[in-house]
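So that the names make sense, note that chain A is the first sequence line, chain B the second, and so on, each numbered from 1.
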Amino acid sequence: MNEQTQTMTSPVIHARGLTRRYGDTAVVDGIDLDIVRGEVFGLLGPNGAGKTTTILMMLGLTEISSGEISMLGFNPAREPLKVKRRVGYLPDAVGFYDQLTAAENLAYTGKLMGLARAERAGRIEQALRRVGLIDVASKRVATFSRGMRQRLGLAEIIMKRAEIAILDEPTSGLDPQATQEFLGLIGELKAEGITVLLSSHMLDQVQRICDRVALFKAGHIVLVGAVPELAIKVLGAGFVVEVEAEGLGIARRLAMIPGVTHVETLSADRFRMTAERDVRADAARAVVAVDGALRRLSVDEPSLEAIYARYFQDQPAGGVRHAA
Amino acid sequence: MRREGSPFQGTSTVFVKELADHISSVRMLMLQLLIVFTALAALYEAINSLRQNTAEDPFLLLRLFTIDQAPLPSFVAILGFLIPLMAIGLGFDAVNGEHNRRTLSRILAQPIYRDALLMGKFLAALATIGISLAALWLLVIGLGLIFLGVPPGGEEVARSLVFLVVAIFYAGVWLSLAMLLSTVFRSAATAALVSLGVWLFLTILWPMLAPALAQVVAPPDPRYALLGLNDPATAVWAQELLRLSPNDLFEEAMLAVLSPTTRSLGPVFLDQLRGAVMGAPLPFGESVMLAWPQTVGLVAGTIVLFAFSYVLFQRQEVRA
């Protein structure tokens, strides 16, 4: 976080009171966002919470009912071309022209971007190489798997040399290996200093790659921050340590460890402690001190899943309204 | 609020891509085969009948377009029937196809306006039809040269070129309609069915309904019936109603341009014929003037329908 605060200049995405209404219902209701250059930012929330609508407003592809947003200093409603020239977008379940080859599909969007012919050919080759599709560059997209299409979509953003990459549900529907590869590519973008904004409900992946996340609920952002911070805010503590040990008065000894806020006795020999830091070493010492038999000691990383569950427990699984 | 940049940036890119797609598509190939074979059959009959009748005719080439030998209708009548089919075939999935392929949001995230996409698609489909019609036109002239052995005169070529231009605008009306329906309906099949329904209604049912409607609107005076004549008021109404169909406008314009002896496209009163040399052809300019209102009607129809789809497309949500 410290390194980030140093490079933090003005935010590349800046939204205040951003609202989109359809009739009387506000799909996005007064959200504030500040995303700085080079960070990977996750938009989380159930389907229909307003993530895609927020993204479309950022690109000037849907009207803004009220509030304001600036992308790299431009207003997407007034200067959509300037925004769209600098921002790459990978829609949810991206589609390509099946009768064209991978390279032809990129050539078409490359022309729409206004790239000159010589420049285009070089960039297409480079982008396809980056995402590992160079061998199938002259194959029709009709034969491509879901994962290959997603990678081709990412190649388009690389070809554009976008400053901001907006990825809507980039890994939904991918098999685990394709997901891994795709997350690796997102990591590479981040390493190049590209700001990545991604929406997802795959919590473990988001947790792995995002610097910060925003939790959407019914058009509002209910939480923003880095995952460990949110854990402390929502769950009361950052670390949950489980101890399995036999011995007398272990629970009392564990509770005395500094930093531990709560100890729960799950069964005669299992305890769960909530703490502000990783207290495993102290827990081990405590068990040994009462001459107990330590069988297992495990720590749960602060989990987005738990944070998410806490916030959406009153909502039925599967979401309210499908908005993909 | 003024938009930055040109709304037509990227139009040529979309145009070239869509044109290439149309020309290489199987759909277009089938449509073209259908049209070429039916048109060839009509031409064959026309040539046969012209060869048997070697009377002096200053407009032999134009007769190729208009002569009909039962059971086949004339070349122009066949085109009047098939051009809409071709235009609908190229336009019915223009917008909803992009939605359903999920390419729309990706394309619109490029630095272009929606105008460019819609305009590029419309012009590309129109150019495709234009190319096929021009090829067909050359085919007619070529076959005429080979089988009739009479070189076409300047006026004949001019008149047949007017035919080409009017035919392209006639296609434009149907293309605009198909694109409008492709914007309204999310499903391509629905858009195709509705456009075909409108086409069948206007070309087959409307010519039967219009006279009946005219009888209701302006009941014929029984005194005319006693004399065995049509009531001019009813006849005018029937014709005006018929003209709501682009098919009728096309046929009237073609009649005026391709049959130079046509003097009027409506009911003619005897006093209007005073001093006319019956059977004498009108000059080229006069024939074009005669076809002008119909042509303008077709152009206006194209523009109005396109404007509707433009407004709808601009307001449409991008997300699927």
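Contacts with chain B (heavy atom to heavy atom, under 4.5 Å) involve these residues of residues 15-24 of chain A, listed by number: A:Arg20, A:Tyr22. The interface of residues 108-133 of chain A with chain B, defined by heavy-atom distances below 4.5 Å, comprises A:Tyr108, A:Thr109, A:Lys111, A:Leu112, A:Met113.
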Taking only distance into account, with no hydrogens and no angle test, what donor-acceptor pairs under 3.5 Å do side-chain atoms of residues 128-143 of chain B form with protein atoms, sequence neighbours excluded?
from: B:Thr128; atom 1: OG1; to: B:Ala124; atom 2: O; distance (Å): 2.6
from: B:Ser132; atom 1: OG; to: B:Gln32; atom 2: NE2; distance (Å): 3.2
from: B:Ser132; atom 1: OG; to: B:Thr128; atom 2: O; distance (Å): 2.8
from: B:Trp137; atom 1: NE1; to: B:Ser160; atom 2: O; distance (Å): 3.4
from: B:Trp137; atom 1: NE1; to: B:Ser160; atom 2: OG; distance (Å): 3.1

Pairs under 3.5 angstrom only: tabulate donor-acceptor contacts from the side chains of residues 83-92 of chain B to other protein residues two or more places apart or in another chain.
none

| field | B:Arg315 and A:Glu63: CA distance, side-chain angles, deciding distance, side chain to side chain contact (heavy atoms under 4.5 Å, CB included) verdict | value | CA-CA 9 Å; B:Arg315 293 166 170 270; A:Glu63 270 174 59; 5.9 Å; no
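Nearest heavy-atom pair, A:Leu61 versus B:Arg114, reported as atom, atom and distance to 0.1 Å: O-NH2, 3.1 Å. Contact record, B:Ile112 with A:Lys84: O-NZ, 2.9 Å, taken as the closest heavy-atom pair.
No donor-acceptor pair under 3.5 Å is formed between the side chain of B:Arg101 and the backbone N or O of A:Tyr97.
Interface remark: A:Leu56 contributes side-chain atoms only to the contact with chain B (heavy atom separation under 4.5 Å). With a 4.5 angstrom heavy-atom cutoff, A:Lys82 touches chain B via backbone and side-chain atoms both. Contacts of A:Ile166 with chain B are absent, with no heavy-atom separation under 4.5 Å from either backbone or side chain. Heavy atoms closer than 4.5 Å to chain B are found in the side chain of A:Glu156, but not in its backbone. If you measure heavy-atom distances from A:Glu79 to chain B, the contacts under 4.5 Å come from both the backbone and the side chain. Heavy atoms closer than 4.5 Å to chain A are found nowhere in B:Gln316, neither backbone nor side chain.
Within a 6.0 Å sphere centred on CZ of A:Arg86, heavy atoms belonging to other residues, nucleotides or ligands number more than 12. Heavy atoms of other residues, nucleotides or ligands lying less than 6.0 angstrom from CZ of B:Phe163 number more than 12.
With rounding to the nearest 0.5 Å, the separation of CZ in B:Arg106 from CD1 in A:Ile157 is 10.5 Å. Separating the OG1 atom in B:Thr103 from the CG atom in A:Asp98 is a distance of 9.5 Å, to the nearest 0.5 Å.
For the options A:Gly153, A:Pro80, A:Gly88, A:Gly60, heavy-atom pairs under 4.5 Å to chain B are most numerous at A:Pro80.
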